[in-house]
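Positions are given from 1 along the sequence. Computed from a predicted structure; not experimentally measured.
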Amino acid sequence: MIVGFDAKRIFHNNTGLGNYGRDLVRILCQHTNINKIILYNTKPPNKDRIFKSPIISVIYPSSWFWKKFSSIWRVYALKNNIVKDNPNIYHGITGEIPFGLAKTNIKSIVTIHDLIFISHPQYYSAIDRFIYTSKFKYAVKNSTKIIAISEQTKKDILKYSNVSKEKISVVYQGCNAAYKKKYSEEDKTKVKLKYNIPEEFILNVGTIQERKNALLIVKAIKETNKQLVLIGNEEEHAKKIRVFIKEHKLTKQVHFLKNVELKELAIIYQLATVFCYPSLCEGFGIPIIEALYSKTPVITTKGNCFPEAGGPNSLYIEPNDSEDLKIKINNLFSNPKERKRIAEKGLVYAQRFNDNITANTIYDVYKSLV
């Protein structure tokens, strides 16, 4: 079997969609019998992040024109390269497929991660909503098969399009193997000293933007002695959080980190007392999975996709209830036995997101089309 992938974000995106693509390629190489993987990339990357395998080849635009206008090539002219290479399946891993591919004999799959740009339009500009919605509607109509990364995303696809439920398969994401390793006390001490991390702390990981709702955690630790570590790139909403911190004299309790290396991030997960993820909406919530594998108890949001990721033993709150969050944080900090119980149960639950399960489930979707 030969499978082609839209690889722009695999090579050029450091976070969510890039991580999804890189992990997908890696686990398919390690756990399936795919003969060849073709990665269609717009331009050479600045940093080599891709898994090394003899079955992987990378294709770039060939003419000077398409090299110069590679973003247009990816949407309109990539179809010609795919037809020439003749893979059994083309997989658009970021919610889109090239125009015209449906008129060829190439079977196509599109992965839909979320439809937040439709369900929560306030977080997007008008032009972004138009572009994302147009790509979504074209992709789900013209692809042979759809992969949703959660049951919640599947519900949203059915709600905002007229495709049949039989066309959609739910395949959960996993997470990087770094979060499944056990690190030495020496490694942990180095990271603690490098980033001046407190002995006990609440951890939140993700871009600091409004829908991630990190301000709720800051409100919850007000009038307590709890320490909070926020890891992620800062968007405009971070200014609002910093103002609140300054007004309530919380500067010594809240620590902002960014550009943390993968191994260091995995260690910080394992050092954390509690992982808190009160996001308002997600496609799935990979940081929750990372915390479960790290044996760190999770507090996250009720409803949406979060119970799918967190499982029955994580703790859940309403996304505007800072008082309930404060109570749950205090209870976990004061009860190490309960933290241990939740962490152990969470690790058991996380096994459903293991690489071999994800790889084989996607491979079964591929085989159903060949």
Side-chain angles (χ1 to χ4, degrees), residues 4-22 24 39-43 45 60-61 65-82 90-104 106 108-150 152-163 167-168 173 206-212 233 235-237 279-284 286 304-305:
F5 289 91
D6 170 14
K8 177 183 176 181
R9 287 183 173 83
I10 289 176
F11 286 98
H12 303 288
N13 186 308
N14 292 331
T15 56
L17 294 178
N19 288 335
Y20 172 79
R22 287 186 289 273
L24 179 58
L39 302 179
Y40 295 98
N41 190 13
T42 50
K43 61 184 178 180
Y60 297 98
F65 180 84
W66 288 127
K67 287 178 181 178
K68 185 174 180 61
F69 299 101
S70 58
S71 294
I72 301 175
W73 168 80
R74 178 171 170 259
V75 177
Y76 294 101
L78 176 55
K79 173 201 70 174
N80 299 326
N81 291 80
I82 298 170
Y90 174 81
H91 190 165
I93 61 173
T94 59
E96 56 187 298
I97 60 172
F99 283 105
L101 187 63
K103 296 179 181 179
T104 72
I106 307 294
S108 62
I109 295 173
V110 65
T111 294
I112 303 296
H113 296 264
D114 64 68
L115 296 179
I116 297 171
F117 50 89
I118 300 177
S119 62
H120 295 75
Q122 66 270 29
Y123 300 130
Y124 295 84
S125 67
I127 186 63
D128 283 346
R129 292 198 306 269
F130 174 77
I131 292 171
Y132 297 156
T133 302
S134 298
K135 287 182 175 181
F136 158 69
K137 290 185 175 180
Y138 181 86
V140 297
K141 179 181 178 181
N142 291 281
S143 61
T144 315
K145 189 78 175 176
I146 302 164
I147 288 176
I149 65 165
S150 67
Q152 179 63 48
T153 296
K154 179 179 179 178
K155 290 177 184 176
D156 288 343
I157 294 169
L158 294 172
K159 180 178 180 180
Y160 296 115
S161 73
N162 58 2
V163 301
K167 190 175 181 178
I168 307 171
Q173 293 178 248
T207 303
I208 303 175
Q209 57 186 203
E210 186 177 0
R211 72 177 177 86
K212 299 290 187 179
N233 293 328
E235 294 190 358
E236 189 67 23
H237 183 65
S279 178
L280 299 171
C281 52
E282 299 287 338
F284 186 45
I286 288 301
N304 199 266
C305 64

Partners passing ring pair (Phe, Tyr, Trp, His ring centres under 6.0 Å) against [X] (at least two apart in sequence or in another chain):
{"X": "His237", "answer": "none"}
{"X": "Phe99", "answer": "Tyr76, Tyr138"}
{"X": "Tyr60", "answer": "none"}
{"X": "Tyr90", "answer": "none"}

Side chain to side chain donor-acceptor pair (under 3.5 Å) partners of [X], counting only residues at least two apart:
{"X": "Gln152", "result": "Asp156"}
{"X": "Asn142", "result": "none"}
{"X": "Ser108", "result": "none"}

Result block: side-chain N/O donor-acceptor pairs under 3.5 angstrom for residues 112-119, not counting sequence neighbours:
residue: His113; atom: NE2; partner: Ile93; partner atom: O; Å: 2.7
residue: Asp114; atom: OD1; partner: Ile116; partner atom: N; Å: 3.1
residue: Ser119; atom: OG; partner: Leu115; partner atom: O; Å: 3.2

Non-neighbouring partners of [X] that pass side chain to side chain contact (heavy atoms under 4.5 Å, CB included), sequence neighbours left out:
{"X": "Ser70", "value": "Thr42, Pro61"}
{"X": "Thr207", "value": "Gln209, Glu235"}
{"X": "Lys145", "value": "Ile109, Ser169, Val365, Leu369"}

Point to revise | Spatial distance of atom OG1 (Thr111) from atom CG (Leu17) [nearest 0.5 Å] | key: 10.0 Å
Check your understanding: With sequence neighbours left out, which residue pairs that include part of residues 122-131 fulfil the salt bridge (charged side-chain N to carboxylate O under 4.0 Å, His left out) condition?
Key -> none
